[in-house]
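Here the structure comes first, spelled out in structure tokens, and everything after it is commentary.
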Amino acid sequence: MSLFPSGHATHPQWRMAASLVLAQLRAQMALPEYAHSPSLGLLYITDHYAPEAQDLLDFLSAELPEVTDWAGTVGVGVAANNAEYFDEPALSVLLCELPAHHYRVFSGVAPLGLGFEPHTALVHADASTPDVAELIAEMAERTATGYLFGGLAASRQGTVQFAVGGDGNMRGQGAARGVFSGGLSGVAFSEDVSLISRVTQGCLPVSKVHEITAVDGHVLLELDGEPALTVLLRDLRVSLDLNGPQRSPALQQALEVVRSTLVGLSAPGDDSINRSGHFGADVLVRHIIGLDPARQGVAVAHPLSVGMQMAFCQRHVQAARADLMRICAEIREELEPEMWPADLATTVAGDALGAAPHPARRIAGAVYVSCSGRGGPHFGGPSAELQIVRHALGDVPLVGFFAGGEIARHHLYGYTGVLTVFTTPA
């Protein structure tokens, strides 16, 4: 498997940005180490281009006739190797060279049908779709591994998804022409497409682990047998005197602390909220959406059940950086042999901040989906999040977007990053 060509650009005019991307893609496709005949394109745009999504897709399809299949969506930002474009007009493209019988593009108007056995799947979804979490779980059940990766579209100008199957696998797409709204779309991969994927959390527990002992739908009523609101305020070391002056500095400060607090949830008996004070991959972070003083309850943006484990948490820059570095190291260690000849190790290491792609790294391309609440500012500066990935994996082709929710396995996450790499044989 050759390296996947990639390109990214920003410009007020979508056609100019697309032309800049095309120039990058064609230059790479002329190099011996890159794929010359990619058939699958992954396309991510910022919401500035959402109104021109169809024109943009038509333009790229016409200029790259060898790319018969397209998938992607819109985000408030898009990602590329070592760079992110946040809140500005931009697009990012990755061209994958995979045998046509090893993947299938699907969408709401052309569902994944019989005759193809999905092993994993890249999934894009519209957050406004009813029961979207259940649809994601159902899609995961249709794969052999139960593993999905992707995210929810994020846009201020209407959500769009790209899904084009040029080899006839998408019969019935009709006049939609590959740009859709609502539902799920993406690419399902067979077991012959090797992937490694990891989830990185962006929050740090600020309380001990509690067991949920009483609930009413989305409302926490009791934690460890105590009123949930009492536990929350004690864990955060704040007091809410709702009968006192509503504009008092103490009350306003306490409310700000509560507003910045989230809830990390895991299944009964799950130790993903571990003793080291970090969240494991099975922890779902959700917002506190309200307080119920009458019942001493705390409302959470997730269905709750007795027996679940939980901890109050807050977004934390250093924890997010450390956890992102951890998953990158895990991926690198899984791909690289324990022992390399000295000359190969020196060549592959190269410049620590910009090592060129090398076959020994065994990464043909990567997809990174991060929360729209993360990005450079959360990591200390513009593109800092992507620079961490590049520092760990080298200058590998990468594409991605900043989502309204991240998908990994059968879960829908928040404030996380999902890094997936296409690997080559050892």
Side-chain angles (χ1 to χ4, degrees), residues 1-9 18-44 56-57 59-72 78-83 91-105 119-122 149-150 162-167 169 178 186-197 331 335-336 347-348 350 354-368 386 389-390 393-401 419-426:
M1 186 185 297
S2 303
L3 292 168
F4 295 162
S6 63
H8 52 94
S19 297
L20 292 170
V21 168
L22 282 170
Q24 298 169 48
L25 296 173
R26 287 167 175 159
Q28 292 174 20
M29 291 165 67
L31 298 175
E33 64 268 28
Y34 282 86
H36 304 304
S37 302
S39 59
L40 172 63
L42 302 182
L43 167 62
Y44 297 105
L56 200 157
L57 177 62
F59 177 77
L60 290 175
S61 298
E63 293 292 327
L64 296 166
E66 63 270 58
V67 181
T68 56
D69 306 282
W70 291 90
V78 295
N81 183 275
N82 204 41
L91 73 155
S92 186
V93 177
L94 182 74
L95 302 183
C96 310
E97 188 174 54
L98 301 170
H101 59 284
H102 287 173
Y103 68 89
R104 288 290 184 274
V105 177
H119 194 67
T120 58
L122 167 62
F149 61 100
F162 302 106
V164 173
D167 59 357
N169 293 316
V187 188
F189 300 98
S190 75
E191 62 180 347
D192 296 303
V193 178
S194 298
L195 300 169
I196 298 176
S197 190
I331 291 173
L335 292 174
E336 294 178 353
T347 301
V348 171
H358 194 285
R361 289 187 179 273
R362 296 182 52 208
I363 299 177
V367 177
Y368 187 54
L386 277 303
V389 176
R390 187 188 190 195
L393 301 184
D395 196 11
V396 300
L398 183 144
V399 72
F401 71 109
L419 177 61
T420 306
V421 300
F422 294 87
T423 67
T424 63

For this session: Taking side chain to side chain donor-acceptor pair (under 3.5 Å) as the test, write out the residues that go with Thr420, two or more places apart.
Result: Ser197

Minimum side-chain heavy-atom gap [X]-[Y] below 4.5 Å:
| X | Y | answer |
| --- | --- | --- |
| Phe401 | Leu42 | no |
| Leu91 | Leu60 | yes |
| Leu64 | Leu22 | yes |
| Ser6 | Val399 | no |

Can you see which heavy atom on [X] is nearest to which on [Y], and at what distance?
| X | Y | result |
| --- | --- | --- |
| Tyr103 | Leu98 | CE2-O, 3.6 Å |
| Ala35 | Pro5 | O-CG, 3.7 Å |
| Ala364 | Ser2 | CB-O, 3.5 Å |
| Val93 | Leu43 | CG2-CD1, 3.7 Å |
| Ala366 | Val421 | CB-CG1, 3.8 Å |
| His119 | Ser190 | CB-C, 3.5 Å |

Do the side chain of [X] and the main chain of [Y] share a donor and acceptor less than 3.5 angstrom apart?
| X | Y | value |
| --- | --- | --- |
| Ser39 | Thr68 | no |
| Arg390 | Asp395 | no |
| His36 | Met29 | yes |

Hey, what do you get for [atom1] ([X]) to [atom2] ([Y]), rounding to the nearest 0.5 Å?
| X | Y | atom1 | atom2 | result |
| --- | --- | --- | --- | --- |
| Ile196 | Ile363 | CD1 | CD1 | 7.5 Å |
| Thr120 | Glu191 | OG1 | CD | 10.5 Å |
| Phe162 | Ser61 | CZ | OG | 9.5 Å |
| Gln28 | Leu95 | CD | CG | 8.5 Å |
| Leu393 | Asn81 | CG | CG | 9.0 Å |
| Leu335 | Ser194 | CG | OG | 10.0 Å |

Exercise. Glu63: what forms a salt bridge (charged side-chain N to carboxylate O under 4.0 Å, His left out) with it, not counting sequence neighbours?
Worked result: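 Arg26.
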
Problem set entry | All ring-ring contact (aromatic ring centres under 6.0 Å, His included) counterparts of Phe422, not counting sequence neighbours | Phe4, Phe189

